[in-house]
Amino acid sequence: MLDLKAQYVPIKEEIKSAVKDIIESGRFILGENVESFENEMARYHNLSHAVGLASGTDALHLSLKALGITSGDEVITTPFTFIASAEVIAYVGATPVFVDIDSKTLNIDVSKIEEKINEKTKAIIVVHLFGLPADMTVIMKLAEKYNLKIIEDCAQSIGASYKGAHVGSLGDCGCYSFYPSKNLGAYGDGGMMVTDSIELHDRVKLLRNHGTVGPYQHDFIGFNSRLDEIHAAILRIKLRLIDQYNQNRQNIAKLYTSLLGNLLQCPAELDDRTHVYHQYTIRTPLRDKIHDALKTKSIASVVYYPLPLHLQGAFRDLGYKLGDLPESEAASDEVLSIPIYPELEPEKAEYIARTIVEVVNS
Ligand SMILES: *Cc1c(COP(=O)(O)O)cnc(C)c1O
C-alpha cells in the first residue's frame, strides 16, 4: 500500500546524522528533540502546547484521563474507524456510544449525535477518517450546548484543515499517531496530544511519566508513555515536509477521482475543508471484484474497515446487533482503499485506476 523506502531516500543523510547525534549524546528520553518537536507541532497548529507520547492510542487514552472521563460516563464516537478510537473509552471505564456515519464522508453523521446525548454523556471522540475533517461546526455547537469535551482523533489527518484551521486545534485537544504508515510517520510507535489548555497539557505531561511531580515523587498513578528522542528527531525532519507530502497525496487523489469519479463513489471533497488522503477509499458494490482484479496484477488494496466496531467481539457486552448502525455496516461491505502515498508515480496511479475502470466496464 505504500513505499516507506521511497520517502526515506531523499532525507537519508539528514536522518542518519540526527540519529547519530542522539546516540552520541546518550540522551534518549525526554531531551531537546522531544521538546523542540512539541513546540513545532504546537506552532503548526497555532496552539500553545503539545505533549509527545508513546502512541496515538496513548494520546487518546491520556487525554480522556486528563479530562476526568471515568466509569459511569458515556463517550460518543463513530463505529467506522480503527479500534483504538473506541478502545480508549473502555480503558477509563467509560461506555462507548456509537453514532452512525454519513454515507458520503464516512465520518460521524452529526445529525444523529444529539439523540444519543444524555446526562451521562461527557465527551465526543471525533475521528477525521482517512484524512477528511468531520463537521466540526455542528460538533462544537453540541459541545457548548451540552458541556461536552471534544477530543479530535487526528491519527489520519495531520495537516487537514477545516474552515482554515488545522484539525487538532478545534476541540479541547487533538491526538496524533506517528505509526510508520501515517501521513507523518516515525520509524516505530509514537504519538502526541496538542491543546491550548495549560491544565490539560500539565496533566497529560505528568500522566506520561508516572505522575512524577519531583524526583521520585509521584502525586498520582501515571504511565510510561514517552515519545523517544530518536523518533522526535526523525519527526522534526518530516514535519518540515508534511505539507508537501500531503500536496502530493492530493495530486494523486485528483488523478484517481478524474478517472473513477463517474463510475463509483470517490472520497468526498468539500469546500470548507481539505482532505489529506491518508487513504483514498472508493465505494462500490463491485468492491470484491475490484480487490481480486488488483490482486491479480500484484496491486495492493485493503478494506478499511471490514467490521464496524459495534459488531466487534471486543464490544459484545455493549449489546449492539447487526442492523443497529446500517450506514456503517453498508460501508464495510463496499469500501476499498487503494494505494496512495506521496511518492506514488502518476503513471502507476493511472495504471491502478485503469485496472479498476476495466472491472467496472466489464
Ligand atoms: C492509527 C490510529 C490510531 C492509533 O494510533 P497508534 O499510534 O497505532 O496507537 C487511533 N485512531 C486512528 C483513527 C488511527 O488510524
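Order of listing sets the numbers, starting from 1, for every ligand and every atom in it.
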Please check if the distance between the ring centroids of [X] and [Y] is under 6.0 Å.
{"X": "His278", "Y": "Tyr304", "answer": "no"}
{"X": "Tyr162", "Y": "His128", "answer": "no"}
{"X": "Tyr277", "Y": "Tyr256", "answer": "no"}

Using a strict 4.0 Å threshold on nitrogen-to-oxygen distance, state whether [X] and [Y] make a salt bridge.
{"X": "Glu229", "Y": "Arg27", "value": "no"}
{"X": "Asp135", "Y": "Arg273", "value": "yes"}
{"X": "Glu38", "Y": "Arg208", "value": "yes"}

Purely on distance, is any nitrogen or oxygen of [X] under 3.5 Å from one on ligand 1?
{"X": "Gln156", "answer": "yes"}
{"X": "Asp153", "answer": "yes"}
{"X": "Val127", "answer": "no"}

Where ligand 1 meets [X] - atom numbers and elements under 4.0 angstrom, heavy-atom basis:
{"X": "Ser55", "value": "7 (O), 9 (O)"}
{"X": "Ser85", "value": "11 (N), 13 (C)"}
{"X": "Gly56", "value": "5 (O), 6 (P), 7 (O), 9 (O)"}
{"X": "Thr81", "value": "13 (C)"}
{"X": "Ala155", "value": "2 (C), 3 (C), 10 (C), 11 (N), 12 (C), 14 (C), 15 (O)"}

- ligand 1-proximal atoms of Thr57, by part, heavy-atom distance under 4.0 Å: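 Both backbone and side chain of Thr57 come within 4.0 Å of ligand 1.
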- Query: What is the closest protein heavy atom to atom 1 (C) of ligand 1, and at what distance does it sit?
  - Reply: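 Heavy-atom neighbour on the protein nearest atom 1 (C) of ligand 1: Lys182 NZ, 1.5 Å.
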- Task: Report the nearest protein non-hydrogen atom to atom 7 (O) of ligand 1: residue, atom name, distance rounded to 0.1 Å.
- Result: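 The closest heavy atom on the protein side is Ser177 OG, 2.6 Å.
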- Between Thr257 and Tyr280, do the side chains contain an N or O donor and an N or O acceptor separated by less than 3.5 Å?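 Present: a donor and an acceptor within the cut-off.
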- Would you please classify the geometry between the Tyr305 ring and the Phe130 ring as parallel, tilted or perpendicular, with 30° and 60° separating the classes?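 Rings of Phe130 and Tyr305: parallel, as their planes differ by under 30°.
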